Amino acid sequence: MPELPEVETVRRALDARLRGRVVCGVAVGRPTFYRRPPAVALKALEGGRVAGWRRRGKYLLLDLEGRGSVVFHLGMSGRLTIGKDGPHARLSFRAGDDEIFFHDARRFGRVGGPLPALGPEPLDPGFDASVLRAVLRGRSAPVKALLMDQRLIAGLGNIYASEALHLAGVRPARAGGSLTRAETASLAAACRRVLELGVSLGGSTLDDESFLDPLGRPGRMQERVKVYGRRACGTCGGPVRDTRRPIGGRSSPHCPRCQS
DNA sequence: ACGAGTACCTGGCAGC
DNA sequence: TGCTGCCAGGTACTCG
């Protein structure tokens, strides 16, 4: 599932490869996206020169010289590949000698449209304990739901939120406002650490096909995961449990021994 | 403003 | 073996 580290991995590959090239041959596949790319976005793409690829939270922005930028979101099954067609290709375009495909089996991905308002970037230097404290203060919602709310903090999904909470020793169901100063500081640092680790390892590929970079390479973060998708805690070896009630409709794996 | 719930979509898998 | 049905998850929406 593409979260911040996976999206950043994609960004780096595309930025290195496509910068300075002119986009042409934009083609929308059939069936297309659940939300069809706006015509204005397709028009901006066609004939535009790539100034670079940026990332904001889990969003990718393709900057085109003199034409603004086109927003991409991978949803949960989206992939951008260099030169690899497939049955779920929703959009394709050429850039120099390469053909780029946007694949999306489950059709949650998006191309075009505005970038929504997003919370701070957890890997920005300004993201510290006081920023997280302002996010959690007075909130009764589970801390994990708050970590995954993109309007509050940009980039964490179920995997990295679960891992950050485990590293910080905080249970996912705890009310956001119940964290002590020390726990909040620990959690802010944990968010940074798991995301930095994820980026440095090229993202997480939990099962064979779940995430591959644009050149088809898997990530290695799954080797370092402590709770997500595991039966036994990677720290103490005890059983990984889920919360009785789903948080934000999602599973919330945690270790009752390591997390309080 | 906040928290909870649900729709969207479909590959993959559990259960029969 | 083949069928059914449910789950996964990020975002956007509604409702109280």
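A, B, ... follow the sequence lines: proteins, then strands. Residue 1 opens every chain. Since this is a predicted model, take the numbers as computed values, not measurements.
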Trainee: OP1 or OP2 of C/dT11 sitting under 4.0 Å from any side-chain N/O of A/Gln150?
Mentor: yes
Trainee: In whole angstrom, what separates A/Leu147's CG from C/dG10's C1'?
Mentor: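 One finds 15 Å between C1' of C/dG10 and CG of A/Leu147, rounded.
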Trainee: Go through the steps to decide whether A/Phe93 and A/Phe102 satisfy the test ring-ring contact (aromatic ring centres under 6.0 Å, His included), and finish with yes or no.
Mentor: CA-CA 9 Å; A/Phe93 57 85; A/Phe102 189 117; 9.7 Å; no
Trainee: For A/Arg107 and C/dT11, what is the distance between atoms CZ and C1' respectively, to the nearest whole Å?
Mentor: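 Taking CZ of A/Arg107 and C1' of C/dT11, I get 16 Å after rounding.
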Trainee: Taking only the side-chain nitrogens and oxygens of A/His73, find out if one of them lies under 4.0 Å from OP1 or OP2 of C/dT11.
Mentor: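 Yes, A/His73 has a side-chain N/O under 4.0 Å of OP1/OP2 on C/dT11.
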Trainee: As a test of reading the structure: which of B/dC9, C/dA12, B/dA7 is closest to the side chain of A/Arg250, going by heavy atoms?
Mentor: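 Nearest nucleotide to the side chain: B/dA7.
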Trainee: Using a strict 4.0 Å threshold on nitrogen-to-oxygen distance, state whether A/Arg11 and A/Glu8 make a salt bridge.
Mentor: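 Yes.
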Trainee: Do the side-chain N or O atoms of A/Arg106 get closer than 4.0 angstrom to the phosphate oxygens (OP1, OP2) of B/dG11?
Mentor: no
Trainee: State, with a plain yes or no, whether a side-chain heavy atom of A/Arg79 is found less than 4.5 Å away from one of A/Leu74.
Mentor: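 No - every pair of side-chain heavy atoms lies 4.5 Å or more apart.
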Trainee: Measure the shortest side-chain to side-chain distance between A/Arg17 and A/Leu215 over non-hydrogen atoms and say whether it is less than 4.5 angstrom.
Mentor: yes
Trainee: So which nucleotide from C/dA12, B/dG11, B/dC9 ends up closest to the side chain of A/Ala105?
Mentor: B/dG11
Trainee: Just checking A/Phe108: base, sugar-phosphate only, or nothing, at a heavy-atom cut-off of under 4.0 Å?
Mentor: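 The residue A/Phe108 makes base contact.
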Trainee: Nearest whole Å is fine: how far is B/dG5 P from A/Asp149 CG?
Mentor: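 Taking CG of A/Asp149 and P of B/dG5, I get 16 Å after rounding.
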Trainee: Which is more 5' along DNA chain B, the nucleotide nearest A/Gly248 or the one nearest A/Ala141? Just name the residue.
Mentor: A/Ala141
Trainee: DNA chain C: A/Lys58 or A/Arg151, which has the more 5' nearest nucleotide?
Mentor: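 Looking at DNA chain C, the more 5' nearest nucleotide goes with A/Lys58.
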Trainee: Check if the side chain of A/Arg139 and the base of B/dG3 share a donor-acceptor pair of N or O atoms closer than 3.5 Å.
Mentor: no
Trainee: Distance check needed: C/dT11 C1' versus A/Asn158 CG, whole Å only.
Mentor: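 Checked: the CG to C1' distance equals 14 Å.
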Trainee: Output the rounded distance in Å from CE (A/Met76) to C1' (B/dC8).
Mentor: 12 Å
Trainee: When all nucleic acid strands are considered with a 4.0 Å heavy-atom cut-off, which category describes A/Ser140: base, sugar-phosphate, or nothing?
Mentor: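 Sugar-phosphate, no base atom in range.
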Trainee: Report the distance from atom CG of A/Leu146 to atom C1' of B/dG3, rounded to the nearest whole Å.
Mentor: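 After rounding, the reported distance stands at 10 Å.
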Trainee: Taking the side chain as everything from C-beta on, heavy atoms only, tell me whether A/Ile100 gets closer than 4.5 Å to A/Arg94.
Mentor: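 Counting from C-beta outward, A/Ile100 and A/Arg94 never come under 4.5 Å.
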Trainee: Whole angstroms only, please: what is the CZ-C1' distance between A/Arg245 and B/dG3?
Mentor: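 In whole Å, B/dG3 C1' and A/Arg245 CZ are 14 Å from each other.
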Trainee: Using a 4.0 Å heavy-atom cut-off, does A/Pro31 contact any base of the nucleic acid, only the sugar-phosphate backbone, or nothing at all?
Mentor: nothing
Trainee: Expressed as a whole number of angstroms, how long is the span from A/Phe33:CZ to B/dT10:P?
Mentor: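 About 13 Å, once rounded to whole Å.
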